[in-house]
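Heavy atoms only: backbone and side chains are in, while hydrogens, waters and symmetry mates are out. Counting from 1, the numbers follow the sequence of the chain as shown.
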Amino acid sequence: MVISFLTYIKYKMGKSKFEYYEERDKDLMDVYRYVFLTSPNGTTLNDMLSIIVEHKSKRFWVSEKRAYLIMLRLRNGDDLSSMNENKRKMYFEIYRRINQLELERHEHNLLNLVYGVLAQEAPCFYLTAGSAKVIIHYIKKRRCGSLKRYL
């Protein structure tokens, strides 16, 4: 039985867990509050969500492990056609920045480049308005639940 290199890496790294969800949630809620407070009266929630997801984000919200594996796929010619549009855009932006950083720094260690790029500000959240709505709902639900414990 032949196992591909990527399958082996996934097996060795274990099931990926998004370790930055708390930071991402804080970033998303900060933008939500900003948009909510600065939007004119009568702005619908869907309009606000569209503004929120297109707003700059503090970083690329993907784990270093996952981004590294996807960058390997891109370097091997994968076009990521099986991914949804937002994820594909995000990974191509990360890939573009990695290539640019590689030329500027003459750094060839892909993992170091991934870490450097993921910490940069992202042009948007790379979420759909619907996904942002669900995430914000669960953030609010979590916060309400934690407040009820103290009552």
Decide if atom CZ of Arg105 counts as having more than 12 heavy atoms of other residues, nucleotides or ligands within a radius under 6.0 Å. no

Check whether any side-chain heavy atom of Glu104 lies under 4.5 Å from a side-chain heavy atom of Leu101, and answer yes or no. yes

One pair to check against side chain to side chain contact (heavy atoms under 4.5 Å, CB included): Tyr126 and Val62. What are the steps and the verdict? CA-CA 10 Å; Tyr126 294 103; Val62 60; over 6 Å; no

Write down the atom of Leu28, the atom of Ala132, and the distance for their closest heavy-atom approach. CD2-O, 4.4 Å

Is there a chain of hydrophobic side chains (I, L, V, M, F, W, Y, each step under 4.5 Å between heavy atoms) that links Leu37 to Leu49? yes

Tell me, do Ile94 and Met90 make a side-chain contact under 4.5 Å, heavy atoms counted? yes

Measure across Leu118 and Ala67 and return the closest heavy-atom pair with its distance rounded to 0.1 Å. CD1-CB, 3.8 Å

Can you hop from Val134 to Met29 via hydrophobic side chains spaced under 4.5 Å? no

Distance, nearest 0.5 Å, that separates NZ of Lys140 from CD1 of Ile135: 13.5 Å

Within a reach of under 6.0 Å around OH of Tyr138, are more than 12 heavy atoms found that belong to other residues, nucleotides or ligands? no

Looking only at non-hydrogen atoms, find the nearest pair between Pro123 and Phe60 and report the distance. CD-CZ, 4.1 Å

May I ask you to test the Phe92-Leu80 pair for a side-chain heavy-atom distance under 4.5 Å? yes

Once you round to the nearest 0.5 Å, how far does NZ of Lys89 lie from CD of Glu93? 11.5 Å

May I ask you to check whether Thr44 and Asn46 show a side-chain donor-acceptor distance below 3.5 Å? no

Among Lys58, Arg143, Arg142, Lys141, whose salt bridge (Lys or Arg N to Asp or Glu O under 4.0 Å) with Asp25 holds? Arg142

For the residue pair Asp47 / Ser50, report whether a side-chain donor-acceptor contact shorter than 3.5 Å exists. no

Do any N or O atoms from the side chain of Thr43 and from the backbone of Ser39 form a donor-acceptor pair under 3.5 angstrom? no

Can you tell me how far apart OH (Tyr68) and CG (Asn112) are? Round to the nearest 0.5 Å. 10.5 Å

Tyr91 side chain near Met71 side chain, heavy-atom distance below 4.5 Å: yes

Test side chain to side chain contact (heavy atoms under 4.5 Å, CB included) applied to Lys26 and Tyr21, step by step: CA-CA 9 Å; Lys26 182 186 178 329; Tyr21 80 91; over 6 Å; no

Is the shortest distance from a Lys or Arg side-chain nitrogen in Glu19 or Arg66 to a carboxylate oxygen in the other one below 4.0 Å? no

From Met48 atom CE to Tyr34 atom OH, the distance as rounded to the nearest 0.5 Å: 13.5 Å

Once rounded to the nearest 0.5 Å, what's the spacing between atom CD1 of Ile139 and atom NE2 of His137? 11.0 Å

Asp78 side chain to Leu74 main-chain N or O, any donor-acceptor pair under 3.5 Å? no

Evaluate side chain to side chain contact (heavy atoms under 4.5 Å, CB included) for Glu121 paired with Lys56, printing each intermediate quantity in order. CA-CA 7 Å; Glu121 185 178 77; Lys56 288 182 181 179; 3.2 Å; yes

With Asp27, which residues qualify under side-chain hydrogen bond (donor to acceptor under 3.5 Å, both in side chains), at least two apart? Ser57, Trp61

Side chain to side chain contact (heavy atoms under 4.5 Å, CB included), that's the test. Do Arg75 and Ile98 meet it? Break it down for me. CA-CA 11 Å; Arg75 285 201 168 173; Ile98 282 174; 4.0 Å; yes

Please report the interatomic distance NZ(Lys87) to OG(Ser82), rounded to the nearest 0.5 Å. 10.0 Å

Glu85, CD atom: more than 12 neighbouring heavy atoms under 6.0 Å: no

Hey, does the side chain of Arg97 reach the backbone of Val117 with a donor-acceptor pair shorter than 3.5 angstrom? no

List the steps and the verdict of side-chain hydrogen bond (donor to acceptor under 3.5 Å, both in side chains) for Arg59 and Gln120. CA-CA 5 Å; Arg59 59 166 280 147; Gln120 295 175 0; over 6 Å; no

Is the Phe36 ring parallel, tilted or perpendicular to the Tyr32 ring (thresholds 30°, 60°)? parallel

